[in-house]
Amino acid sequence: RVPLDERGYRPGTFDGEAMAASGAAGEVDALVSVDAAGAVESVFVERTSGDVDLDNDVVRALQRGRARPPRTPVTGRVRVTVRSRDEGEN
């Protein structure tokens, strides 16, 4: 099996403005499965940020991700860290 990062996996975009405005911050650990064509098959949250809205935004962005197709499916872990605007300015 080919590790997810070697497949060139890139998540979809986040709505950073909305997240920053809401003050959302946290880390989400997720398991992402990618099919042989490079499309995301599933996203499973292994560790929540504790904020349901933030977790859902992260899952949606990971579901929109793509990877280069190596002709074999692959599964890998992804950690997403979201900092609030105030946190980033310190």
Side-chain angles (χ1 to χ4, degrees):
R1 294 200 99 150
V2 179
L4 195 58
D5 58 346
E6 289 180 22
R7 290 275 306 272
Y9 173 78
R10 297 287 180 259
T13 58
F14 293 89
D15 186 353
E17 296 266 331
M19 286 185 179
S22 73
E27 281 188 349
V28 178
D29 289 342
L31 193 62
V32 178
S33 295
V34 177
D35 67 17
V40 173
E41 284 185 314
S42 66
V43 176
F44 174 76
V45 174
E46 292 185 305
R47 187 173 61 96
T48 177
S49 67
D51 180 326
V52 173
D53 292 332
L54 176 59
D55 292 351
N56 289 336
D57 286 343
V58 167
V59 167
R60 280 191 292 275
L62 294 174
Q63 287 171 332
R64 289 190 303 269
R66 293 289 300 172
R68 289 186 311 274
R71 297 182 301 271
T72 57
V74 65
T75 298
R77 286 183 171 75
V78 176
R79 173 170 287 160
V80 177
T81 302
V82 177
R83 290 185 173 73
S84 69
R85 184 170 298 194
D86 294 338
E87 220 179 321
E89 293 173 358
N90 291 333

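Remember, it's a predicted structure, so these values are computed and weren't measured experimentally.
- To the nearest 0.5 Å, atoms CG (Asn56) and OG (Ser49) are separated by 9.0 Å.
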Next item on the list: Show your reasoning for whether side chain to side chain contact (heavy atoms under 4.5 Å, CB included) applies to Val40 and Val32.
Entry: CA-CA 7 Å; Val40 173; Val32 178; 4.1 Å; yes
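- Taking both residues in full, the closest heavy atoms of Asp51 and Thr48 are given as N-OG1, 4.4 Å, listed atom of the first, atom of the second, then distance.
- Note that CG of Asp29 and CD of Glu46 are 6.5 Å apart. Values are rounded to the nearest 0.5 Å.
- When all heavy atoms of Val34 and Ala67 are compared, the pair lying nearest together is CG1-CB, 4.0 Å.
- Taking every heavy atom of both residues into account, Ala37 and Arg66 meet most closely at O-NH2, 3.2 Å.
- At least one side-chain heavy atom of Val59 sits under 4.5 Å from a side-chain heavy atom of Val45.
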